[in-house]
**Student:** 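Okay, handing you the structure first.
Only heavy atoms go into these numbers, but all of them, side chains included; no hydrogens, no water, no symmetry mates. Chain letters run A, B, ... following the sequence lines, proteins first, then strands; residues in each count from 1.
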2 protein chains.
Amino acid sequence: MSRPEHESERDSEKPRGRPRSNLAHQAILEATRDLLTSGGYERLSIEAIAARAGVGKQTIYRRWRSKSAVVAEVVLAGYLPIHAGTPADTGDVLVDLQAWVREQVAWHTYPGAVALVRGLAAAAADSDADAGRLYDQLTGPVREGLMHRLAVGVQQSQLRADADLEAATDAIIGSLLFRVLARSDTSSVNTDSIVEIVIGGIGKRWRNPAGPPAGWAVPPDAP
Amino acid sequence: MSRPEHESERDSEKPRGRPRSNLAHQAILEATRDLLTSGGYERLSIEAIAARAGVGKQTIYRRWRSKSAVVAEVVLAGYLPIHAGTPADTGDVLVDLQAWVREQVAWHTYPGAVALVRGLAAAAADSDADAGRLYDQLTGPVREGLMHRLAVGVQQSQLRADADLEAATDAIIGSLLFRVLARSDTSSVNTDSIVEIVIGGIGKRWRNPAGPPAGWAVPPDAP
DNA sequence: CCATAACAATACGGACCGTCCCGTAAGCGA
DNA sequence: TCGCTTACGGGACGGTCCGTATTGTTATGG
């Protein structure tokens, strides 16, 4: 790169010339948020953002490479109620995660939330190379918060020490993603059941004196 | 509608005039498949389809309402190796589902498979109203096959009778979807673990004479 | 032969794209 | 204070693709 344009340029170079306007920056992100939640990703265009923000298109392109990059920043900068909070810790991992999932599901009733998630999926689809990175940025905090709570559950001996917490996390997030993307009849699947299943799958088990039924392979378990 | 244009028009109306060309129909779907697997959904356009199929644009619009509708038909007509097969039944539901998931993951290595799935997500995103229906059509067969195998597992007493099979199915499909859409480093998450967790979560449990640890809520279980 | 409708091809206005250029505004060093 | 440099709003530009309309041709049934 001859001149630092996008991304962080916190190297030893002193910025010369007129500095970038924070007001313009903020106006762009707010306009993007508004258009995204009202009209969805398909109706979102750079020109529409520029017009609503009262900004030249170049001012947008000077900062971001593409529409999906702007959307990513909107999310990362906290302009949307993405609700990436860490689950609470009341001592019961099942209850905590069920409450957390209920919060996520409740967020989906916000106006434009479903359209937003679908739009992010579309944004990732037309980034292609950036798709994985975009998802990582967007779902990373959620993943970390979830996995941290599960790790605490392991420390509290509620979950197996050898449990694959990554897989469990992906199962929960994947279920929510699938629900939002695909299932229009939102009341169909009981999200409490999903958490119950996953937590049951990585939770401690109790041995039956009579032993397991014949033909039923016992997963590895540490007492 | 004054004249039946799209969808099924198998009512009592006798078709008059020149009938629609099957060759054109087929050429459109094949061109769509090729462009979709080679260039992804973003590079797919009605004009590109028409050009590649040697067809006028009107011939496409006469049949389908939008780009996403064409894509949906391509998938539904079996022009793509979607791999919606029912899991085998060897008697061990864990082994069967792990093998099935491995097949799905293997399919993701096909050229364009990931781009295809992401494209379908994008297609659903800009259909909005049709998004749920499109997903249902696409994932419906997969869901049914998976749920059927789980139901067999219940009959074979490997799974709990009161298990929420819908939730379990969504957890598995959601994990795969999340994996394909989001996680570019495909080797990160062990898919066997996911199946193990879900099956463990709806499988039979064995009671410990000493009882569960204090503070650990026992999920309902039927002996 | 005649009515009807699908066909390929192409023209059309419109929406956005991404880049470029204008005149102006805002910092900085000399 | 004066250049130098860069960002600003605004808008022109060629380009792609949209979805529709038109034209002349072709296939089918009455």
**Student:** List the protein contact pattern of nucleotides 13-24 of chain D with one symbol per nucleotide (5' to 3'): B for base contact, S for sugar-phosphate-only contact, - for none; contact means a heavy-atom distance under 4.0 Å.
**Tutor:** ----BBBBB---

**Student:** One pair to check against side chain to side chain contact (heavy atoms under 4.5 Å, CB included): B/Leu150 and B/Ile199. What are the steps and the verdict?
**Tutor:** CA-CA 9 Å; B/Leu150 291 177; B/Ile199 296 300; 4.0 Å; yes

**Student:** Show me, range against range, the stems involving DNA chain C, built from at least 3 consecutive Watson-Crick or G-U pairs below 3.5 Å.
**Tutor:** C:1-30 with D:1-30

**Student:** I'd like a table of atom pairs between the protein and nucleotides 25-30 of chain C - only N or O on both sides, under 3.5 Å - with the distance next to each one.
**Tutor:**
| from | atom 1 | to | atom 2 | distance (Å) |
| --- | --- | --- | --- | --- |
| C/dA25 | N3 | A/Arg18 | NH1 | 3.1 |

**Student:** Is there side-chain contact between B/Trp100 and B/Val195, with at least one heavy-atom pair below 4.5 Å?
**Tutor:** no

**Student:** Quick one: which of A/Leu97, A/Val152, A/Val93, A/Val101 gives a side chain to side chain contact (heavy atoms under 4.5 Å, CB included) with A/Pro87?
**Tutor:** A/Leu97

**Student:** Measuring from the side chain of B/Arg62 (C-beta onward, heavy atoms only), which nucleotide among D/dG9, D/dC8, C/dC7 has the closest atom?
**Tutor:** C/dC7

**Student:** Between atom CZ in B/Arg20 and atom C1' in C/dA8, what is the gap in whole Å?
**Tutor:** 16 Å

**Student:** In the structure I gave you, are the side-chain heavy atoms of A/Arg179 and B/Asp170 within less than 4.5 Å of one another anywhere?
**Tutor:** no

**Student:** Hey, mind stepping through A/Asp164 and B/Ile194 against side chain to side chain contact (heavy atoms under 4.5 Å, CB included) and telling me if it holds?
**Tutor:** CA-CA 8 Å; A/Asp164 189 335; B/Ile194 293 170; over 6 Å; no

**Student:** If you measure from NE2 on B/His148 to OG1 on B/Thr86, what distance do you get to the nearest 0.5 Å?
**Tutor:** 7.5 Å

**Student:** Can you check whether B/Thr139 reaches A/Phe178 side chain to side chain, under 4.5 Å on heavy atoms?
**Tutor:** yes

**Student:** Report the residues that fulfil side chain to side chain donor-acceptor pair (under 3.5 Å) with B/Arg18, sequence neighbours left out, ordered by chain and then residue number.
**Tutor:** none

**Student:** Kindly determine whether A/Lys67 and A/Leu44 satisfy side chain to side chain contact (heavy atoms under 4.5 Å, CB included), including the steps that lead there.
**Tutor:** CA-CA 8 Å; A/Lys67 184 169 74 169; A/Leu44 186 69; 4.1 Å; yes

**Student:** For D/dA7, does OP1 or OP2 lie under 4.0 Å from any side-chain N or O of A/Ser21?
**Tutor:** no

**Student:** Less than 4.5 Å apart, any side-chain heavy atom of A/Glu196 and any of A/Gln98?
**Tutor:** yes

**Student:** Could you tell me whether B/Glu166 and B/Arg143 have a side-chain N and a carboxylate O separated by less than 4.0 Å?
**Tutor:** yes

**Student:** For DNA chain C, what residues of residues 23-32 of chain A have any heavy atom nearer than 4.0 Å?
**Tutor:** none

**Student:** Are side-chain N/O atoms of A/His25 and A/Arg20 paired as donor and acceptor at under 3.5 Å?
**Tutor:** no

**Student:** Taking side chain to side chain donor-acceptor pair (under 3.5 Å) as the definition, give me every residue that meets it alongside A/Arg43, ordered by chain and number, with sequence neighbours left out.
**Tutor:** none

**Student:** Please state how far atom CD1 in B/Ile60 lies from atom C1' in C/dA6, giving the value in whole angstrom units.
**Tutor:** 14 Å

